[in-house]
**Student:** 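Before we start, here is the structure in question, set down as C-alpha cells.
For ligands, and for the atoms within them, numbers begin at 1 and follow the listed sequence.
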Amino acid sequence: MVIRLQEDCEGVDWERVAEVLLAAGLGTGGAEVRQKAFENSDTVVFVHVDELLVGVGRALSDDVLQAAIYDVAVHPDHQGNGLGRLIVENLAGRLPECNLILFASVGKEGFYRKLGFRRLLTGMGLFRKAEAMRERGFTD
Ligand SMILES: CC(C)(COP(=O)(O)OP(=O)(O)OC[C@H]1O[C@@H](n2cnc3c(N)ncnc32)[C@H](O)[C@@H]1OP(=O)(O)O)[C@@H](O)C(=O)NCCC(=O)NCCS
C-alpha cells in the first residue's frame, strides 16, 4: 500500500473529492462547490492510497496567528488506518504559528482530542442553515 500526500489542487478529481466527502457524511456539496472551496483555501491536503483519492482536508489561515480547519474526511473504506491523523497533522504542521480551530462532527470530538485539540468553551457560529445545524447537534 503506497500512501501519497498532495499539498496543492493540481489535477485533482473534484468528482472524487465530492464523493469522498459525501461518503464520509460531510454534506452534499457537488464537485463544483468543492473545487471552489478547496481552491480558495490556502492550505489543502489530499491523501491517495495506491493512487486512489481517499482523504481530504483544508484550512483557511492568515499564516501567522489564526487558522480554521474544514472538510477533514477519510472515505469509510479507509478509516481507522491513521489517515485522518495524517491529514490533521499535515495541515497543523504547515501552519506552525497558528492557533487552529474547527467544529468537529458529533461523535468525532475524541479524534481531535487525541490530536491535542480542546473543547472551545466560548465558540459561537452563525450558520446559513441554522435549523439544520441545530438538528444535527452542532448548536444550541
Ligand atoms: C474523523 C475521521 C477523519 C478520522 O479519520 P480516521 O482515518 O478514521 O482516523 P485515524 O485512524 O487517523 O485515527 C487517529 C486516532 O483517533 C482515534 N479516533 C478515530 N475516530 C475517533 C472517534 N470518533 N472518537 C475517538 N477517537 C477516534 C483512533 O482510534 C486513532 O487513535 P490511536 O492513534 O490511538 O490509534 C474519519 O472518521 C472521517 O472521515 N469521519 C467522517 C467525517 C468527519 O466526521 N470528519 C470530521 C469532521 S470535522
**Student:** Would you check if the distance from the ring center of F117 to the ring center of F111 is below 6.0 Å?
**Tutor:**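 No.
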**Student:** Which residues pass the side chain to side chain contact (heavy atoms under 4.5 Å, CB included) test with D63, not counting sequence neighbours?
**Tutor:**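 With sequence neighbours excluded, D63 shows a side chain to side chain contact (heavy atoms under 4.5 Å, CB included) to S61, L95, given in chain and number order.
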**Student:** Considering only heavy atoms, which protein residues lie less than 4.0 Å from any atom of ligand 1?
**Tutor:**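 Around ligand 1, where the cutoff is 4.0 Å for heavy atoms, the contacting residues are A24, L26, V72, A73, V74, Q79, G80, N81, G82, L83, G84, R85, F103, S105, G107, K108, G110, F111, Y112, K114.
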**Student:** Say you draw a straight line from CD of E89 to CZ of R94; how long is it, rounded to the nearest 0.5 Å?
**Tutor:**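 It comes to 13.5 Å.
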**Student:** Has the side chain of R34 got a donor or acceptor atom that lies under 3.5 Å from a matching backbone atom of W14?
**Tutor:**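 Side chain of R34 to backbone of W14: no pair is present.
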**Student:** What ring pair (Phe, Tyr, Trp, His ring centres under 6.0 Å) pairs are there with at least one residue in residues 49-96, not counting sequence neighbours?
**Tutor:**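 Listed once each, the pairs would be none.
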**Student:** Linking Ile, Leu, Val, Met, Phe, Trp and Tyr by side-chain heavy atoms under 4.5 Å, what else ends up with M124?
**Tutor:**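 Joined to M124, directly or through intermediates: none.
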